[in-house]
Amino acid sequence: MSDSNTTDFTNPSTFILLGIPGLEVAHVWISIPFCAMYVIAILGNCIILFIVKTEPSLHGPMYYFLCMLAITDLVLSTSILPKMLSIFWFNSREIGFSACLTQMYFIHCILGMESGILVAMALDRYVAICHPLRYSTILTNPVVAKIGLAVVLRGGTVVLPFPILASQWPYCTTNIIPKPYCMHMALVKLACADTRISSYYGLFAQFCVNGLDMFFIALSYIQILRAIFSLPTKDAQVKTFGTCISHLFVILAFYIPAVFISLMYRFSQNVPGHFYALIGNVYILISPVLNPIIYGVRTKQIQDRLLRLFIYKAA
């Protein structure tokens with residue numbers, strides 16, 4: 001099926017992913033940083049999972065949530081990068097209709113789960129700082145498991161209408177998606193039907209996930225800052241706040257690009273299509289790359305375990 005196919009059809013068997021529109025001649029060069037990002041994401045998150053699993057002192061709520069974050073990052077990057085690299089390297093642009101809907105579902109589902117995990121990690125920091133004596137009794141293993149299950153169920157159910165609605169639409173003008181992966185809004189723009197329900201639901205889902213999550217994170221940190229400023233010495237305040245730095249960096253890496261892209265889509269004019277595509281790719285892939293680096297650099301227990309691992313191998 002050629003890229004110029006614009007014949008009438010209501011149920012396309014495949015979609016065509018263009019990669020980075022306008023920069024097709026540079027796809028091989030563009031693939032280099034994205035391939036590096038994928039390798040870093042896979043290695044970094046697998047190392048985090050291995051260290052937490054093999055180090056008994058890290059078997060606690062904070063590190064269980066970190067493992068959940070690492071798993072979502074692995075699934076997110078693997079849902080996108082292999083197909084993206086096949087487009088860049090082999091010009092393999094076709095993706096089956098069902099595969100496109102599946103990829104769309106997993107991308108939105110995992111992004112929702114990651115947002116929920118960040119809320120869970122904010123709760124962990126809140127309990128550790130505001131109620132330290134009750135930390136072990138509040139965040140027990142069963143409670144952590146229930147929080148994890150709630151995050152998975154919410155992420156999976158909130159975005160479920162996206163592929164269901166998209167599978168019912170007719171696509172009567174083109175099957176070309178100007179991105180290297182399938183997203184909800186990309187399919188909305190291709191549909192030859194009234195997609196207002198899906199668009200409204202998309203805004204509702206955005207509010208229920210990112211909106212509420214950002215509110216609860218902000219609420220947690222207001223209470224955390226109150227507790228920190230009530231500490232008697234400056235050293236105690238700095239030391240306590242230092243336990244939140246990694247989490248704050250991860251929050252900023254996740255939400256700032258999302259807000260920037262949302263504002264860019266709504267208010268920017270005459271921005272080249274390839275710029276949108278590049279920024280969108282970086283937004284989705286930046287968290288899987290940065291999260292293990294941030295926690296690896298900022299968490300002393302993980303650093304110590306890594307040093308012991310390398311020293312043992314060198315010996």
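In what follows, every heavy atom counts, from backbone to side chain, and hydrogens, waters and symmetry copies are set aside.
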Please report, to 0.1 Å, the donor-acceptor pairs under 3.5 Å made by any side chain of residues 245-253, with sequence neighbours excluded.
from, atom 1, to, atom 2, distance (Å)
His247, ND1, Tyr221, OH, 2.7
His247, NE2, Leu118, O, 2.9

Non-hydrogen side-chain atoms of [X] and [Y] separated by less than 4.5 Å:
X	Y	result
Val144	Asp124	no
Ile147	Phe65	yes
Met68	Val151	no
Ser79	Tyr181	no
Ile20	Asn281	yes
Ile284	Met183	yes
Leu76	Leu111	yes

### Task
Applying side chain to side chain contact (heavy atoms under 4.5 Å, CB included), run through Ser92 and Lys83 and close with a yes or a no.
CA-CA 8 Å; Ser92 177; Lys83 180 60 181 178; 3.5 Å; yes
### Task
Sorted by first residue and then second, give each side chain to side chain donor-acceptor pair (under 3.5 Å) pair with at least one member in residues 24-49; sequence neighbours left out.
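Matches after skipping sequence neighbours: Ser31-Trp89, Tyr38-Thr78.
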### Task
Not counting sequence neighbours, list each pair that qualifies as a side chain to side chain donor-acceptor pair (under 3.5 Å) and has a residue in residues 142-161.
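For residues 142-161: Arg154-Asp213.
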For [X] versus [Y], what's the shortest heavy-atom pair and its separation?
X	Y	result
Leu160	Pro163	O-CD, 3.1 Å
Tyr64	Asn141	CE1-OD1, 3.3 Å
Phe254	Asn210	CE2-OD1, 4.3 Å
Phe162	Ala205	CZ-CB, 4.2 Å
Gln168	Ile164	CG-O, 3.2 Å
Ile87	Pro180	CD1-O, 3.8 Å

Could you measure the distance from the [atom1] atom of [X] to the [atom2] atom of [Y]? Nearest 0.5 Å is fine.
X	Y	atom1	atom2	value
Ile51	Cys46	CD1	SG	11.5 Å
Leu85	Ile30	CG	CD1	12.0 Å
Thr174	Ile16	OG1	CD1	8.5 Å
Ile40	Ile47	CD1	CD1	11.0 Å
Thr14	Glu94	OG1	CD	4.5 Å
Leu123	Met62	CG	CE	13.5 Å

### Task
Identify, with sequence neighbours excluded, every residue that meets disulfide (SG to SG under 2.5 Å) alongside Cys208.
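Per chain and number, Cys208 pairs via disulfide (SG to SG under 2.5 Å) with no residue.
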Taking only residues two or more places apart in sequence or in another chain, which ones pass side-chain contact (heavy atoms from CB on, under 4.5 Å) with [X]?
X	value
Cys182	Leu17, Ile95, Cys100, Gln103, Met104, Ile177
Thr102	Phe106
Ala150	none
Thr140	Pro142, Val143

### Query
Would one find more than 12 heavy atoms of other residues, nucleotides or ligands at under 6.0 Å from atom CD1 of Ile197?
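Count not over threshold, so no.
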List the atom pairs, donor and acceptor, that lie under 3.5 Å between side-chain atoms in residues 285-295 and the rest of the protein, sequence neighbours left out.
from, atom 1, to, atom 2, distance (Å)
Asn291, ND2, Asp73, OD2, 2.9
Asn291, ND2, Glu114, OE2, 3.2
Asn291, ND2, Ser287, O, 3.2

Side-chain donor-acceptor pairs under 3.5 Å in residues 226-233, sequence neighbours left out?
from, atom 1, to, atom 2, distance (Å)
Ser230, OG, Ala227, O, 2.6
Thr233, OG1, Ala236, N, 3.1

### Query
Residues two or more places apart in sequence or in another chain: which of them pass side-chain hydrogen bond (donor to acceptor under 3.5 Å, both in side chains) with Asp235?
none
### Task
Just jot down the side-chain hydrogen bond (donor to acceptor under 3.5 Å, both in side chains) partners of Glu55, sequence neighbours excluded, or say none.
Ser57, Arg305, Arg308
Is it the case that one hydrophobic cluster holds both [X] and [Y], taking links as side-chain heavy atoms less than 4.5 Å apart, direct or via other members?
X	Y	answer
Leu153	Met113	no
Ile80	Phe90	yes
Ile42	Val39	no
Val158	Phe204	yes
Ile32	Val25	no

### Message
Would Val209 and Val159 count as a side chain to side chain contact (heavy atoms under 4.5 Å, CB included) here? Give the steps.
### Response
CA-CA 10 Å; Val209 178; Val159 302; over 6 Å; no
### Query
Taking Tyr105 for the side chain and Gly156 for the main chain, is one N or O donor matched with an acceptor at less than 3.5 Å?
yes
### Message
When you measure from the side chain of Ser198 to the backbone of Thr195, do you find a donor-acceptor pair of N or O atoms at a distance under 3.5 Å?
### Response
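No: the side chain of Ser198 does not pair with the backbone of Thr195.
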### Message
Ring-plane angle category for Tyr126 and His131, please: parallel below 30°, perpendicular beyond 60°, tilted otherwise.
### Response
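Aromatic pair Tyr126/His131 classed perpendicular.
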### Task
Check the pair Tyr63, Ile48 against side chain to side chain contact (heavy atoms under 4.5 Å, CB included), reporting the backbone distance first and the verdict last.
CA-CA 9 Å; Tyr63 297 101; Ile48 292 290; over 6 Å; no
